[in-house]
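Written out below as C-alpha cells is the structure these notes cover.
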Amino acid sequence: MATTPSNWNEFRSDTFTTPSPEMLATVLHASTGDSVYNEDEDTLALQRQVCELTGHEAGLYCVSGTLSNQIAIRSHLNRPPHSVLCDYRSHIFVHEAAGLATLSQAMVTTVIPANGLYLTLEDVQRHYIPDDGDIHSAPTRVVSLENTLHGLVFPIDEIRRISKWCRANSIAIHCDGARIWDAAVASGVSLAEYGELFDSISLCLSKTLGAPIGSVLVGSESLIRVANHFKKQNGGGIRQAGPLARMGSYALTHNLGKLKTAHEYAAEVGRYAEELGLVLQIPVHTNFVFLDPEKSKIDPQWIREVGQKHNVKLASFRFAFSFQNTREAVDAVKAVLRDLHTLAQQKPYTSTTGHRFY
Ligand SMILES: Cc1ncc(COP(=O)(O)O)c(C=O)c1O
Ligand SMILES: C[C@@H](O)[C@H](N)C(=O)O
C-alpha cells in the first residue's frame, strides 16, 4: 500500500521532497566504484542519462545545485576582470553565498527585466559590458539564465534570441536549470531543445524530482573536464557515489511524470487566492505561488502562524508545491488563504520591512 510521504503538508520549498521507500530500496543494488576515479557505474550511467536527454557531450554529478552552478560559471571564465550578467532574482546571485565573487572573482551585472517576468535580449544588450578594451570595465563573459525562475517558464523564443546573440559575441550562456524539468513539462519544450541553446546547464535532482541529493552539470567535454577540477578543489569529489546517483536515476525515471500534479495544485491555489481578492506577485506557471504581501495587505509573519493552525508548513509568501503534497494539504492551504484574507480585511498590514524574495 502506498505510504503518505512524510512531507505531505510541506510548502516551504520543493527542496523538502523526500526519497520514497522504493527509491531507497534501489540503493541496495547500487555500484560502489570510486567516482573520483570515474569508476562508479551508476554515477557514469546517471551522467550519460542526463547527457542523452539534453544532447550535451559530458555530464558531472555534483552534490548540490550551488556547486554545479558555481563551478560551471567558473569554468567558463579565465582571468579577472570579468563579469556575469543575470536576472536580479537569480539563485546564483541571491542564494549561493557570493560564490560568484569568491570562486569566480566576478563582478555581477544584475538586471531587472523590463517586463517584470523574464530577461529579453534587449535587457541583456542594454546592460552587458562589451569587451572593447576600456580598462575601466569588467567585460561580460557569461550570461546566466534561470529556468524556471520563481516557477516562471522562460519563453523558448527569447532564450533562442539571447543564445544566438551570446554566441555571436563570444559570451558563454549558462542555465541554472534546477527546475528545468518543470519548464519542459509546462511548456512542452524538450530538454534537448533547451540543451542546444546553452553552453552549460545545471539540472537538480533534489527538488521537484524528489531525489535526496544531487545535480548534474552538462556541457562540452572540455568544459566538464575543467569543472571537475573545480569540483574536486571545492571538496565536491564523491567516493562511492553510486547509491546517491542511483536514487537520482530512479527519480528521473519514475518522478518526471508526476511534476504536473504539483503544477495543477499550484494553479488551483493561485486561482483561489485571486478569487478571494488576494494579489499574486507573478503568474503561476509551474509549482510555485508567490503572494504579494504588500498588495494583499498581509504581514508575512501571519503566514507561518496561520499555517501552523491548519497543520501546513509555510515559511513566507512563497508557496512551493510538490507531487508529494496531498489533496488534504492543498485544501488546508486554501483554508490558510481564507484566514489570511480575513486578517487583511480586519487589520490590513502595511509593510515596514525590506523586500525579500521569499
Ligand atoms: C533555482 C535554484 N538553483 C540552484 C539551487 C541550489 O541547489 P542546492 O540547494 O542543491 O545547492 C536552488 C535551491 O536549492 C534553486 O532554487
Ligand atoms: C532557498 C533556496 O536555496 C532553495 N533553492 C529554495 O528554493 O528553497
Side-chain angles (χ1 to χ4, degrees), residues 7 10-19 46 50 60-74 84 86-100 102-104 108 110 117-119 142 144-154 174-184 186 194 198 200-218 227 230-231 234-236 238 241 244-245 247-248 251-252 259 262 266 281-282 285-290 300 303-304 313-322 324-325 356-358:
N7 60 343
E10 180 62 73
F11 297 94
R12 291 174 290 177
S13 175
D14 51 16
T15 60
F16 286 91
T17 50
T18 54
L46 172 61
V50 180
L60 185 65
Y61 182 64
C62 296
V63 292
S64 70
T66 297
L67 181 65
S68 177
N69 277 325
Q70 293 298 323
I71 63 175
I73 290 170
R74 179 63 189 85
V84 175
C86 63
D87 186 302
Y88 77 110
R89 300 162 293 181
S90 297
H91 194 272
I92 63 164
F93 176 71
V94 178
H95 287 112
E96 297 185 6
L100 294 175
T102 53
L103 181 62
S104 290
V108 189
T110 53
L117 296 174
Y118 57 87
L119 292 180
V142 182
S144 182
L145 304 181
E146 188 171 313
N147 191 23
T148 63
L149 186 152
H150 291 188
L152 293 170
V153 175
F154 207 118
H174 171 71
C175 179
D176 176 354
R179 299 178 181 86
I180 199 165
W181 323 102
D182 297 88
Y194 284 129
F198 291 101
S200 54
I201 308 180
S202 167
L203 302 96
C204 288
L205 301 158
S206 60
K207 299 182 181 56
T208 56
L209 277 185
I213 182 173
S215 295
V216 176
L217 173 65
V218 293
F230 284 115
K231 171 182 162 184
N234 289 279
I238 318 168
L244 304 176
M247 288 192 282
L252 202 39
L259 301 187
Q281 277 185 38
I282 52 175
H285 285 181
T286 55
N287 68 313
F288 287 108
V289 172
F290 277 77
I303 297 175
R304 190 193 305 263
K313 296 173 184 173
L314 296 169
S316 70
F317 42 83
R318 181 189 73 165
F319 294 59
F321 295 80
S322 85
Q324 296 180 347
N325 295 132
R356 289 188 68 80
F357 286 106
Y358 45 81

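In each ligand, atom 1 is the first atom listed, and ligand 1 is the first ligand listed. Just the heavy atoms: all of them, side chains too, but no hydrogens, waters or symmetry mates, feed the values below.
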Under 3.5 Å, is there a donor-acceptor pair between the side chain of [X] and the main chain of [Y]?
X      : Y      : value
Asn7   : Phe16  : yes
Glu10  : Asn325 : no
Asn287 : Phe321 : yes
Thr286 : Gly151 : yes
Thr17  : Thr208 : no

Per-atom contacts, ligand 2 versus Ser13 - under 4.0 Å to a heavy atom: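 Answer, ordered by atom number: 6 (C), 7 (O), 8 (O).
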In terms of atom number and element, which parts of ligand 2 are under 4.0 angstrom from non-hydrogen atoms of Arg318?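 This gives 6 (C), 7 (O), 8 (O) as the contact atoms.
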Which atoms form the tightest heavy-atom contact between Leu152 and His285, and what is the distance?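 Looking at all heavy atoms of both residues, the shortest contact is CA-ND1, 3.5 Å.
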Looking only at non-hydrogen atoms, find the nearest pair between Ile71 and Cys62 and report the distance.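 Heavy atoms of Ile71 and Cys62 come nearest at CD1-SG, 3.9 Å.
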Residue part near ligand 1, for [X], under 4.0 Å between non-hydrogen atoms:
X      : result
Glu96  : side chain
Asp176 : side chain
Leu67  : neither
Ser64  : both

For [atom], closest protein heavy-atom neighbour:
atom                    : result
atom 10 (O) of ligand 1 : Gly65 N, 3.0 Å
atom 5 (N) of ligand 2  : His91 NE2, 3.5 Å
atom 12 (C) of ligand 1 : His91 NE2, 3.1 Å

Atom indices of ligand 1, in the order listed, that fall short of 4.0 Å to a heavy atom of [X]:
X      : value
Thr66  : 6 (C), 7 (O), 8 (P), 11 (O)
Glu146 : 1 (C)
Thr15  : 14 (O)

Could you say whether the N/O atoms of [X] and ligand 1 ever approach to under 3.5 Å?
X      : value
Lys207 : yes
Cys204 : no
Arg179 : yes

Under the ring pair (Phe, Tyr, Trp, His ring centres under 6.0 Å) rule, collect the residues that match up with Tyr118, sequence neighbours excluded.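 Expected list: Phe154.
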Output yes when Arg179 and Asp14 qualify as a salt bridge under the 4.0 Å nitrogen-oxygen rule, no when they do not.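 Result for this pair is yes, salt bridge flagged.
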Could you tell me whether some N/O pair between Arg179 and ligand 2 is separated by less than 3.5 angstrom?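 Between Arg179 and ligand 2 (N or O atoms, distance only) the closest approach is under 3.5 Å.
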Quick one: CD1 on Ile73 to CG on Asp176, what's the gap to the nearest 0.5 Å?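 These two atoms lie 8.0 Å from each other.
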